[in-house]
Amino acid sequence: MAAYLKNVGGKANADGFGAQAWTAGLFFRDVVNNVAKADGKNGLTRARFLEEAAKVHDFTASVDGDAMLGPTDVGGTRSAPASS
């Protein structure tokens, strides 16, 4: 959360749409990095991205250990359980 707030210029500029876009970008970053690690920098294709995205079962939108989400099973299309 701290990285998102820093990059949008603080709480006054933060909103739900921005937070959703930020977490989507982090997901994209993580999947692309996983593909590049496995297949090299030229290994990214749409098919490989989708294949690798399906393997993500604990996405937390983390930057330097600061997570924005509870573990989310993106590959299994399941959201994080609600906390009480």
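Just so it is clear, the structure is predicted and the values come from calculations on it, not from any experiment. Keep in mind that the numbers below use all heavy atoms, side chains included, and drop hydrogens, waters and symmetry copies.
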Contacts of Asp39 that satisfy side chain to side chain donor-acceptor pair (under 3.5 Å) - sequence neighbours left out: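 Partners of Asp39 under the side chain to side chain donor-acceptor pair (under 3.5 Å) test: Arg48.
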
What heavy-atom pair brings [X] and [Y] nearest, and what distance separates the two atoms?
X     : Y     : value
Glu52 : Val31 : CB-CG1, 3.9 Å
Met1  : Met68 : N-CG, 3.3 Å
Thr23 : Ala61 : CG2-CB, 3.6 Å
Val35 : Gly43 : CG1-O, 3.7 Å
Phe59 : Val74 : CB-CG2, 3.8 Å
Ala53 : Phe27 : CB-CZ, 3.8 Å

Close side-chain approach of Asn7 to Trp22, heavy-atom, < 4.5 Å: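 Touching, per the 4.5 Å side-chain cut-off.
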
side-chain contact (heavy atoms from CB on, under 4.5 Å) partners of Asn33, counting only residues at least two apart: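 Asn33: side-chain contact (heavy atoms from CB on, under 4.5 Å) contacts with Arg29.
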
message: Once side-chain hydrogen bond (donor to acceptor under 3.5 Å, both in side chains) is applied, what residue pairs with a partner in residues 57-71 remain, sequence neighbours excluded?
response: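 Non-adjacent pairs meeting side-chain hydrogen bond (donor to acceptor under 3.5 Å, both in side chains): His57-Asp73.
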
- prompt: In terms of hydrophobic clusters joined by side-chain contacts under 4.5 Å, are Leu26 and Phe17 together?
  reply: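 Leu26 and Phe17: separate clusters.
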
